[in-house]
Enquirer: 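Mind having a look at this structure? Questions to follow.
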There are 4 protein chains.
Amino acid sequence: MAALLEAAIKVFAEKGYDAVTMTEIAARAGAPIGSLYQFFPNKETLADVLLVRISERMDEAFREIEERSPALTVPELVDALLGVLEQLQDERAAAATLIESLQETSTRAAELRLSRRRRLSRILLGLIEGLSQARAETMSLVVIQLMKIAAAQSAEPDPTVRQGMLRELRYLMCLYLNEKPLRTRSVDTPEGSLESPGCDEITDTSKR
Amino acid sequence: MAALLEAAIKVFAEKGYDAVTMTEIAARAGAPIGSLYQFFPNKETLADVLLVRISERMDEAFREIEERSPALTVPELVDALLGVLEQLQDERAAAATLIESLQETSTRAAELRLSRRRRLSRILLGLIEGLSQARAETMSLVVIQLMKIAAAQSAEPDPTVRQGMLRELRYLMCLYLNEKPLRTRSVDTPEGSLESPGCDEITDTSKR
Amino acid sequence: MAALLEAAIKVFAEKGYDAVTMTEIAARAGAPIGSLYQFFPNKETLADVLLVRISERMDEAFREIEERSPALTVPELVDALLGVLEQLQDERAAAATLIESLQETSTRAAELRLSRRRRLSRILLGLIEGLSQARAETMSLVVIQLMKIAAAQSAEPDPTVRQGMLRELRYLMCLYLNEKPLRTRSVDTPEGSLESPGCDEITDTSKR
Amino acid sequence: MAALLEAAIKVFAEKGYDAVTMTEIAARAGAPIGSLYQFFPNKETLADVLLVRISERMDEAFREIEERSPALTVPELVDALLGVLEQLQDERAAAATLIESLQETSTRAAELRLSRRRRLSRILLGLIEGLSQARAETMSLVVIQLMKIAAAQSAEPDPTVRQGMLRELRYLMCLYLNEKPLRTRSVDTPEGSLESPGCDEITDTSKR
DNA sequence: TATGAATGAGTCTTCATTCAT
DNA sequence: CATGAATGAAGACTCATTCAT
């Protein structure tokens, strides 16, 4: 069954929910269709179970970051977050189509999505002094979206563009999560070249 | 035919490319299936024509902003950009699935996508002193992604969350596009409430 | 309307009854579909009218041969018959598909087919002494079939094969229509090479 | 699957390739449409597989005749050949439409068609002394066409005409394949009735 | 319980035919 | 009467799902 889920993630990530047949998923896992239907009564259920599974992995990844977060600088945190979706490329791509194609997702998946957001909120609250609970939650949503944008760059064929985007998004996230980053920055990059600045140059003083 | 295109945009925006049947599109437009095929030889062509049509609208919107851009402050520019996709809600949603599901889009659609990006690059080059061409292009891609995130919020059922996200994204874009915004900001919002700051408060000095 | 019929013959000959659309026929004739339906209420009727038209042409060709037949030698007659379908290539090909695809043809077409056969019977009765009416009719059917085989060779891509087949069929028809052809032949081609013999060598003595 | 193929042969023979629906073939075999597509991915493939299957049967029949051929007199050979297509009535009719409607047939089908022709060539070479290879091949093509004409007579509703045609074609083939048949004939049928002569009367001296 | 062949509802697409202009 | 856009029934084909073995 683990093999079935892994196969499903891969195939959904490659082709999208509708373009994938149940037969193909089973074949990819080296299992007969009958077995697939033994575990998942229909395609929609499979998708939902998959979504839960993926959400669990992501939640776990966020949990680990949350654990390490007290010791992380902003750029380290940003890198950790970007690393999550880089690690879970297929999962992210699969989740994207599934959410797109499933009208309603299970409660469990929604819970996990909320959990992820809460973890990020807590991390942000710990990171930024004086942040209100409400704003932290909103910021979490934004950060998650920025992570998705970054992850989606893996589809970009031109490596120069891809690298540029990733650096830029890293910078943007640092900027977003930093208190007074520009003050720091104006000091660190006074020449004003405005060339895709690295996070570290901007924020290495904001150690926590 | 206009009715067919509008119907197609709506239905694709609602359900996604694969989940929509040609019959449904025709029905939505109040037309028989034959009429749909009179104008578009197949589903893929319909999708591509639609994509071009949508791209043209967006390019036009960007063109207007580009025209007005020399007179705009950063927050005004941000509002203008966010307004584009708010105006073209369905179009944006439809374009999203279509790009996702069409393996290859027509040259025309690619050209328009590039045109849009170029316009935004020019706007940014005019806005930010000393910006290199390359960085402007990367920033354009990021800004476009941020616009998409904002537009996607229309799916958010909770109006409080939706409003919060929009304000936050507006803030993020201002932050991103502003020279020295934080210096200003540290002055304007010293109380450290850190409650979703408005763009204007941050940037009213950056008049151009 | 003549243009429509001619176009129909050509297109049916090229692609076959089912593969041809009414629109295509009209287009080929440079006429609007409406006009096509003005003359022929539906595709089947068109086919039937076409079949009648083709039959009339063939009957006319047979009539001419019948007229000249008293002065013809067997090989001359054979050449005349083979020339008919060579002349009416498209007509023959069209008629073939139409007969194949129409379950029932009109009385008129049947009449003309019968007329053709009767003409050929009369020719044979005049050619072969002592031939009974019944046998002449059977032979006519066979000759017509042989003519069709020869005509169908126009589809043969290899020119060597095509030429060889035509010569052979010409020989076979001569053989079939000749009284004592082999006696003659054994005289004319005593060397027994048995290489595709020409009709004339065999039969030039059977002048009538 | 055998049932599907048999049903397909029957239905194609009756109505022709284009006029037959896949649903109809399945129904005729008492199978659901899905089963038909389980074995044959599309209509064209079905047609081609059918053509190969039919060609194999015919080739087998020719092989048997080739085997027996050294012991056969000309009329016996003619009867054997005519018997083949009489046996494979539906097959022949189906093959006719299929070849007509399929633009390109598989290599296998072409090979079998060639094999059949080669067998017949070998038979003729053994039958007729001094026959060149090239002429034998041309004659084979003609004989095959004559066989088809005979087989097509099964569509003739009038039994008198049908019988007459068959006898006549049998005579024609004997005439064609016989050395000196006419000499014999002029002896055997001096009464000049010229009533559809039997083969045997003509050729009983040509024992091999 | 495991398997994968069998099933048929549902999709895209075509094209003969109609009829408003 | 002439036109050709509009119509929708019908056909090829797919694939989620079932169930006999």
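The structure displayed is predicted, hence computed values, not measured ones. Residue numbers begin at 1 in each chain, while the letters A, B, ... track the order of the sequences.
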Enquirer: Answer yes or no on whether D:Lys43 is positioned over the face of D:Tyr17, meaning its NZ or CZ is under 6.0 Å from the six-membered ring centre and within 45° of the axis.
Expert: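 Cation-pi check for D:Lys43 and D:Tyr17: passes.
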Enquirer: Which atom pair, heavy atoms only, marks the closest approach of C:Met22 to C:Asn42?
Expert: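 C:Met22 and C:Asn42 have their closest heavy atoms at CE-C, 4.1 Å.
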Enquirer: Looking only at non-hydrogen atoms, find the nearest pair between A:Ala3 and A:Ala29 and report the distance.
Expert: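 Shortest heavy-atom contact: O-CB, 3.7 Å.
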Enquirer: Calculate the interatomic distance between D:Ile25 atom CD1 and E:dG8 atom C1'; express it in whole Å.
Expert: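 Rounded to the whole Å, the gap is 17 Å.
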Enquirer: Under the criterion salt bridge (charged side-chain N to carboxylate O under 4.0 Å, His left out), I'd like the reasoning laid out for A:Glu6 against A:Arg53: C-alpha separation, chi angles, the key distance, then a yes or no.
Expert: CA-CA 10 Å; A:Glu6 290 313 311; A:Arg53 156 72 69 110; 3.7 Å; yes
Enquirer: Reckon A:Gln38 has a side-chain N or O less than 4.0 Å from the OP1 or OP2 of E:dA2?
Expert: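 Answer is yes, contact under 4.0 Å.
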Enquirer: Under a 3.5 Å cut-off on both pairing distances, which runs of 3 or more consecutive Watson-Crick or G-U pairs involve DNA chain F?
Expert: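 Result, WC/G-U stems under 3.5 Å: E:2-21 with F:2-21.
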Enquirer: Can you tell me how far the CG atom of C:Leu4 sits from the OG atom of C:Ser35, to the nearest 0.5 Å?
Expert: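 So the CG of C:Leu4 and the OG of C:Ser35 are separated by 7.0 Å.
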Enquirer: With no hydrogens and no angle check, is any side-chain donor or acceptor of D:Asp90 less than 3.5 Å from a backbone partner on D:Ile9?
Expert: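 No; zero donor-acceptor contacts below 3.5 Å.
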Enquirer: Work out which heavy atom in C:Thr97 is nearest to a heavy atom in C:Gly16; give both atom names and the distance.
Expert: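 Minimum heavy-atom contact is CG2-CA, 3.2 Å.
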Enquirer: Taking only Lys NZ, Arg NE, NH1 and NH2, and the carboxylate oxygens of Asp or Glu, determine whether C:Arg57 and C:Glu60 approach each other closer than 4.0 Å.
Expert: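 Between C:Glu60 and C:Arg57 there is no salt bridge, as every charged N stays at least 4.0 Å from the carboxylate O atoms.
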Enquirer: Could you give the CG-to-P distance, from B:Leu36 to E:dT11, as a whole number of Å?
Expert: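 Answer to the nearest Å: 15 Å.
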Enquirer: Between B:Glu14 and B:Arg28, is there a salt bridge with N-O shorter than 4.0 Å?
Expert: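 Looking at B:Glu14 together with B:Arg28, the answer is yes, because their closest N to O distance falls below 4.0 Å.
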Enquirer: Whole angstroms only, please: what is the OH-P distance between D:Tyr37 and E:dG10?
Expert: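 Distance check: D:Tyr37 OH to E:dG10 P gives 18 Å.
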Enquirer: Could you check B:Asp18 against D:Phe39 and say which one's nearest nucleotide on DNA chain E is further toward the 5' end?
Expert: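 The residue mapped nearer the 5' terminus is D:Phe39.
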Enquirer: At a cut-off of 3.5 Å, list every protein nitrogen or oxygen paired with a nitrogen or oxygen from nucleotides 9-11 of chain F, distance to 0.1 Å.
Expert:
none

Enquirer: From CZ of B:Phe40 over to P of F:dA6, roughly how many Å is that when rounded to an integer?
Expert: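 So the CZ-P distance, B:Phe40 to F:dA6, works out to 12 Å.
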Enquirer: Find the distance C:Glu44:CD to E:dA16:P and express it as a whole number of Å.
Expert: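 One finds 13 Å between P of E:dA16 and CD of C:Glu44, rounded.
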Enquirer: In terms of the nearest nucleotide of DNA chain F, which residue is placed more toward the 5' end: A:Pro41 or B:Pro32?
Expert: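 So the residue in question is B:Pro32.
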